[in-house]
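This report refers to the structure that appears directly beneath it.
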Protein chains: 2
Amino acid sequence: MTSQDNELDKIRKLCDQAGMKLTPQRLEIFKELLSHEDHPSAELIFTKLRERLPTISLDTVYRTLASFDELGIIKKLNISNARTLFDTNIEQHHHFICTKCKRVEDIHWPDFDKANLPESVSALGSIQTRHLELHGICNQCLNKKNKG
Amino acid sequence: MTSQDNELDKIRKLCDQAGMKLTPQRLEIFKELLSHEDHPSAELIFTKLRERLPTISLDTVYRTLASFDELGIIKKLNISNARTLFDTNIEQHHHFICTKCKRVEDIHWPDFDKANLPESVSALGSIQTRHLELHGICNQCLNKKNKG
DNA sequence: TTCCTGATTAGGAATTATTCTTAATTAGGA
DNA sequence: TCCTAATTAAGAATAATTCCTAATCAGGAA
Ligand SMILES: [Mn+2]
Ligand SMILES: [Mn+2]
Ligand SMILES: [Zn+2]
Ligand SMILES: [Zn+2]
């Protein structure tokens with residue numbers, strides 16, 4: 001059993017539990033997501049997918065990604081005010097964002113994930129998730145600067 | 001000398017340093033920002049401002065807020081994929097965001113601001129700012145739920 | 001099988017936040 | 001006063017996302 005089969009089992013179960021049909025479109029969007037390790041946009045998924053599924057519509061991609069987000073299969077990100085990105089990695093992690101080239105890299109920091117929040121925070125409400133954004137200049141952009 | 005005079009001095013100096021004229025529009029937008037302790041949108045500033053400056057244009061508000069952001073007078077926030085919010089508080093701080101009502105509250109956590117980042121992070125590039133987003137349900141929404 | 005029903009989709013129109021274009025206005029310096 | 005560069009108002013344009021609707025699909029009942 002390949003790792004993809006494993007993932008396909010997962011989506012079948014999740015759709016079933018949610019009472020959502022696993023249509024060919026949903027299945028293909030899911031498979032396309034599997035081939036992206038990073039943070040694709042709906043537009044990118046749509047464009048790639050159209051190569052082998054020419055009749056897919058952008059609306060279906062948006063709708064399906066929203067459903068997948070609700071099911072917890074992917075995560076919608078709000079890290080730029082341009083297009084929404086989707087995270088194919090649902091493990092708890094954070095992000096580094098290059099202010100020059102907008103590159104988004106995963107950051108893992110389990111010690112921080114476990115750290116207690118200040119007391120003043122619990123006074124605001126019930127906290128469910130924490131997400132750290134580190135902004136700066138990535139190495140690639142730093143190199144360009146030094147050379148150019 | 002009132003606290004507002006103090007702030008007005010600040011904007012005069014900053015505009016001067018940046019070689020940017022302090023036009024009546026920019027001054028009024030700045031004064032309007034002073035009256036918002038929270039995270040107003042460009043639209044809100046525009047609407048409020050139009051009451052006493054009926055000819056102001058939305059474009060000028062957007063342009064000026066972008067300039068103020070570049071000068072470091074305010075901070076553009078990307079916490080939702082709806083309208084951009086601007087932070088009138090430029091001191092280092094973080095945010096709690098209610099997933100129900102979209103309320104945005106400031107969080108101060110100086111110990112975290114001083115904490116060293118993991119080594120793997122410095123390998124990605126040069127970090128300039130850190131911004132933590134805590135997502136959850138605010139007390140007001142929790143109360144509504146219990147009552148309703 | 002055939003019919004019915006509800007879910008889903010494709011396609012395009014609509015929405016909406018933001019930016020762009022352009023002509024008019026402003027203010028300061030020669 | 002005249003010139004020039006910066007800035008503005010107004011509305012058009014852009015672009016990401018959502019909405020609308022008719023067509024398609026799939027599963028169950030008859
Ligand atoms: Mn990620
Ligand atoms: Mn704030
Ligand atoms: Zn970069
Ligand atoms: Zn709330």
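In what follows, every chain begins at residue 1, and chains take the letters A, B, ... in the order their sequences are listed.
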Ion pair B/Asp9/B/Lys13, N-O distance below 4.0 Å: no

Donor-acceptor contact below 3.5 Å, side chain B/Thr60 vs main chain B/Ile56: no

Counting side-chain heavy atoms from CB outward, which of [options] is closest to [X]?
{"X": "A/Asp59", "options": "D/dA10, C/dG12, D/dT8", "value": "C/dG12"}
{"X": "B/Ile56", "options": "D/dA9, C/dT8, D/dC19", "value": "D/dA9"}
{"X": "B/Ser57", "options": "D/dA9, D/dT17, C/dT8", "value": "D/dA9"}
{"X": "B/Tyr62", "options": "C/dT8, D/dA10, C/dA17", "value": "C/dA17"}
{"X": "A/Arg26", "options": "C/dT9, D/dC20, D/dT17", "value": "C/dT9"}

Protein-nucleotide distance ([X], atom [atom1]; [N], atom [atom2]), rounded to Å:
{"X": "B/Leu58", "N": "C/dT16", "atom1": "CG", "atom2": "C1'", "answer": "11 Å"}
{"X": "B/Leu53", "N": "D/dT7", "atom1": "CG", "atom2": "P", "answer": "17 Å"}
{"X": "A/Glu43", "N": "D/dA16", "atom1": "CD", "atom2": "P", "answer": "6 Å"}
{"X": "B/Lys21", "N": "C/dG28", "atom1": "NZ", "atom2": "P", "answer": "7 Å"}
{"X": "B/Ile29", "N": "D/dT7", "atom1": "CD1", "atom2": "P", "answer": "13 Å"}
{"X": "A/Phe46", "N": "C/dG12", "atom1": "CZ", "atom2": "P", "answer": "11 Å"}
{"X": "B/Leu27", "N": "C/dT26", "atom1": "CG", "atom2": "C1'", "answer": "16 Å"}
{"X": "A/Ile45", "N": "D/dA16", "atom1": "CD1", "atom2": "P", "answer": "16 Å"}

Look at the side-chain N and O atoms of [X] and state whether any lies under 4.0 Å from the OP1 or OP2 oxygen of [N].
{"X": "A/Thr60", "N": "C/dA10", "result": "yes"}
{"X": "A/Arg63", "N": "C/dT8", "result": "no"}
{"X": "B/Gln25", "N": "C/dT26", "result": "no"}

Touch class at under 4.0 angstrom, heavy-atom based, for B/Asn81 against every strand present: nothing

Sugar-phosphate, base or nothing in reach of B/Thr84, heavy atoms under 4.0 Å: sugar-phosphate

Pair B/His94 + B/Phe112: ring centers closer than 6.0 Å: yes

Contact check, side chains of A/Lys100 and A/Lys144, non-hydrogen atoms, under 4.5 Å: no

Parallel, tilted or perpendicular, as decided by the 30° and 60° cut-offs, for the rings of A/His95 and A/His39: perpendicular

